[in-house]
Amino acid sequence: MQQSRMLSGKRELMQFFGIGEKKLMKWIKELDCPAYPDTQGVYRAWSGDLTEWYAEAFGPSPKRDDSYRLS
């Protein structure tokens with residue numbers, strides 16, 4: 001099982017889900033996605049919380065492996 005890690009910023013959250021900014025903000029505002037802005041306005045969330053939320057909101061998703069990065 002992969003360990004949960006902190007995701008920081010809209011860009012990293014969009015990459016985690018594979019979605020754009022409009023959809024991300026809609027999920028946060030309308031579907032109670034567990035990503036919240038800190039005191040400086042940077043959205044943060046634990047990857048494990050996001051995975052659980054996604055499964056509850058949309059059903060099981062394919063296992064994500066973000067251990068690779070494209071150059």
Side-chain angles (χ1 to χ4, degrees):
M1 181 173 226
Q2 203 171 19
Q3 205 166 9
S4 187
R5 67 183 186 89
M6 176 60 70
L7 302 175
S8 180
K10 288 181 188 177
R11 177 173 287 157
E12 196 169 5
L13 291 166
M14 291 185 300
Q15 287 177 341
F16 179 80
F17 287 121
I19 60 173
E21 185 174 5
K22 284 184 180 182
K23 186 177 270 189
L24 174 66
M25 296 313 293
K26 180 179 179 177
W27 286 4
I28 290 170
K29 292 176 183 175
E30 297 177 16
L31 300 178
D32 204 26
C33 177
Y36 304 100
D38 63 13
T39 57
Q40 297 170 344
V42 177
Y43 282 84
R44 300 181 187 276
W46 289 100
S47 61
D49 293 344
L50 295 174
T51 302
E52 286 179 26
W53 169 82
Y54 188 93
E56 289 175 13
F58 302 107
S61 66
K63 193 177 193 182
R64 290 192 175 270
D65 180 9
D66 60 351
S67 61
Y68 66 91
R69 297 277 177 180
L70 297 177
S71 299

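These values consider heavy atoms only, across backbone and side chains, with no hydrogens, waters or symmetry-generated copies.
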Closest contact, heavy atoms only, [X] versus [Y]:
| X | Y | answer |
| --- | --- | --- |
| Ala45 | Pro34 | CB-O, 3.3 Å |
| Glu21 | Lys10 | OE2-NZ, 3.0 Å |
| Pro37 | Tyr43 | CD-CE2, 3.5 Å |

[atom1] of [X] to [atom2] of [Y]: how many Å apart, nearest 0.5 Å?
| X | Y | atom1 | atom2 | value |
| --- | --- | --- | --- | --- |
| Leu7 | Met14 | CG | CE | 12.0 Å |
| Lys23 | Ile28 | NZ | CD1 | 13.5 Å |
| Gln15 | Arg11 | CD | CZ | 7.0 Å |

For Leu24 and Phe16: C-alpha separation, side-chain torsions, deciding distance, then whether side chain to side chain contact (heavy atoms under 4.5 Å, CB included) applies.
CA-CA 11 Å; Leu24 174 66; Phe16 179 80; over 6 Å; no
Would you call the rings of Trp53 and Trp27 parallel, tilted or perpendicular, taking 30° and 60° as the class edges?
tilted
Test Tyr54 against Cys33 for side chain to side chain contact (heavy atoms under 4.5 Å, CB included), laying out the working first.
CA-CA 8 Å; Tyr54 188 93; Cys33 177; over 6 Å; no
Lys/Arg-Asp/Glu bridge criterion (N-O < 4.0 Å) met for Glu12, Arg5:
yes
Working note: Ile19 + Leu13, criterion side chain to side chain contact (heavy atoms under 4.5 Å, CB included); need CA distance, chi angles, decisive distance, verdict.
CA-CA 9 Å; Ile19 60 173; Leu13 291 166; over 6 Å; no
If you apply the rule side chain to side chain contact (heavy atoms under 4.5 Å, CB included), what do you find for Met6 with Trp46, and how did you get there?
CA-CA 5 Å; Met6 176 60 70; Trp46 289 100; 3.4 Å; yes
Taking side chain as C-beta onward, heavy atoms only, is Ser8 less than 4.5 Å from Val42?
yes
